[in-house]
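Everything on this sheet refers to the single structure shown next.
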Amino acid sequence: MTAILTTHNLTVGYTQGKRVTPLLSDLNLTMHQGRLIALLGQNGAGKSTLLRALTCAAQPLSGTIEIQGRNINEISQRERSRLIGLVSTDRIAVGGLTVSELVALGRQPHTGFLGRLSEEDHEIVAQSIADVGISHKAGSYVADLSDGERQKAMIARALAQQTPIIILDEPTAFLDVASRIEAMQLLHSLAHDRDKAVLLSSHDVSQSLLLADDLWLITRDRQVIQGTTADILQTDAMDRLFTTPRVAFNSTILDYQWRPDS
């Protein structure tokens, strides 16, 4: 496996004035090409903060991030946008764009100052839309899409960037059950068929455990456990995520359930 992104003694958190609050400390994490990684943890554990650091949306408190062996701070913003595609939970105001126009924004790192699309760019946009299964919506306005279709369009925009890394913050948060399953299958296929390193944060535990190759688990005491999904399921790591003692992991259904009084 080829390591494409690594962190070295990374600490992430936030600052308020002179007050510094670390959330996750001394992280030594690795992303490999061709792997789907699920980042799991309870609300407030630091998942989004970690993803923001990995995508340079926020500065880590200490430590370093390397992409292809290079310190991320030594890579220009334009070049980083050719390396990392981001799909966030933010509701970007793009309702007035068609799906094709939205996805074409993913070509900006490659099109130069004027942003004019070549014939090849248009082909990449069309192929990205086809890859997520919404070619029939290419001319539709984003405002008219369902939540599931909109999320596919956002993933297509990231695909159009042609980056080796795709990072997604809660990509299934607003989707119904069928759309969540479809989105997770799509991301699994992108990792395996396109040799991309795909990292997503999620609360959809069962689908993550079924489809993710690797897990990054943020435990209730803010330790980060990484490993293959198969290996982690052989340990008690899944029981260490939540602070509520009555919520327990059931390895049979690959999900959490309420534990009644014994």
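Just so we're clear, the structure is a prediction, and the values are computed from it rather than from any experiment. Atoms considered below: every heavy atom in the structure, side chains included; atoms not considered: hydrogens, waters and symmetry mates.
Rounding to the nearest 0.5 angstrom, the gap separating the CD atom in E101 from the OH atom in Y141 is 7.0 Å. One finds the CG atom of L27 at 6.5 Å from the CG atom of L50 (value rounded to the nearest 0.5 Å).
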Margin query: Could you walk me through whether R70 and E79 satisfy the salt bridge (Lys or Arg N to Asp or Glu O under 4.0 Å) test, starting with their C-alpha distance in whole Å, then the side-chain angles of each, then the deciding distance to 0.1 Å, before giving a yes or no?
Written below: CA-CA 12 Å; R70 300 168 60 194; E79 189 175 357; 2.7 Å; yes
Margin query: Apply side-chain contact (heavy atoms from CB on, under 4.5 Å) to residues Q185 and R180 and explain how you reach the verdict.
Written below: CA-CA 9 Å; Q185 288 284 353; R180 287 202 306 269; over 6 Å; no
Next item on the list: Decide yes or no on side-chain contact (heavy atoms from CB on, under 4.5 Å) for T2 and D195, but give the supporting numbers first.
Entry: CA-CA 10 Å; T2 303; D195 200 34; over 6 Å; no
Next item on the list: Show your reasoning for whether side-chain contact (heavy atoms from CB on, under 4.5 Å) applies to R259 and V247.
Entry: CA-CA 6 Å; R259 178 166 53 194; V247 174; over 6 Å; no
Notebook entry, point to check: Can D169 and R52 be said to form a salt bridge (Lys or Arg N to Asp or Glu O under 4.0 Å), step by step?
Noted result: CA-CA 9 Å; D169 191 3; R52 285 174 58 80; over 6 Å; no
Margin query: Working note: I72 + C56, criterion side-chain contact (heavy atoms from CB on, under 4.5 Å); need CA distance, chi angles, decisive distance, verdict.
Written below: CA-CA 8 Å; I72 199 169; C56 290; 3.3 Å; yes
Check: What's the verdict on side chain to side chain donor-acceptor pair (under 3.5 Å) for D131 and S128, showing C-alpha distance, side-chain angles and the deciding distance?
Finding: CA-CA 5 Å; D131 287 343; S128 299; 5.2 Å; no
Next item on the list: List the steps, then state whether side chain to side chain donor-acceptor pair (under 3.5 Å) holds for Q162 with H110.
Entry: CA-CA 9 Å; Q162 293 189 312; H110 306 273; 5.0 Å; no
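Taken together through direct or relayed side-chain contacts under 4.5 Å among Ile, Leu, Val, Met, Phe, Trp and Tyr, L61 and I218 form parts of separate hydrophobic clusters. When the side chains of ILVMFWY residues are joined at heavy-atom separations under 4.5 Å, either directly or via intervening members, L186 and V177 end up in two distinct hydrophobic clusters. In the hydrophobic clustering of this structure, I75 groups with I165; members are Ile, Leu, Val, Met, Phe, Trp, Tyr whose side-chain heavy atoms approach within less than 4.5 Å, directly or through other members. Residue L190 is not grouped with residue I4 when hydrophobic side chains (ILVMFWY) are merged at heavy-atom distances under 4.5 angstrom, including chains of intermediate members. Placement of I167 and L200 in two distinct hydrophobic clusters is found when ILVMFWY residues are connected by side-chain heavy-atom separations under 4.5 Å, directly or transitively.
Here the closest heavy-atom approach between residue S140 and residue L145 is recorded as CB-CD2, 4.3 Å. Across every non-hydrogen atom of I225 and A237, the tightest pair is CD1-CB, 3.9 Å. Between I129 and A138, the shortest heavy-atom distance links the atoms CD1-CB, 4.3 Å. The two atoms that bring T172 and A183 nearest to each other are CG2-CB, 4.1 Å, heavy atoms only. Scanning all heavy atoms of the two residues, the minimum distance from D239 to R220 falls at O-NH1, 2.8 Å. The heavy-atom pair separating I232 from T235 by the smallest distance is O-OG1, 2.7 Å.
Defined by atom type and a distance below 3.5 Å, a donor-acceptor pair is missing between the side-chain atoms of H32 and D213. A donor and an acceptor atom, one from each side chain of Q151 and D147, are nowhere located under 3.5 Å apart. Between the side chains of T64 and N71, not a single donor N or O lies within less than 3.5 Å of an accepting N or O. Counting only N and O atoms by type, the side chains of T219 and D221 include a donor and acceptor under 3.5 Å apart.
No side-chain heavy atom of Q161 sits less than 4.5 Å from a side-chain heavy atom of Q108. Contact of the T7 side chain with the L54 side chain is registered, since non-hydrogen atoms from C-beta on lie closer than 4.5 Å.
Within 6.0 Å of atom CZ in R19, 12 or fewer heavy atoms from other residues, nucleotides or ligands are found, so the atom counts as exposed in its surroundings.
In terms of modelled atom types and a separation under 3.5 Å, the side chain of D176 and the main chain of S179 share a donor-acceptor contact.
Results of the side chain to side chain contact (heavy atoms under 4.5 Å, CB included) test with Y14 over V20, T49, L23 single out L23 as the only residue that passes.
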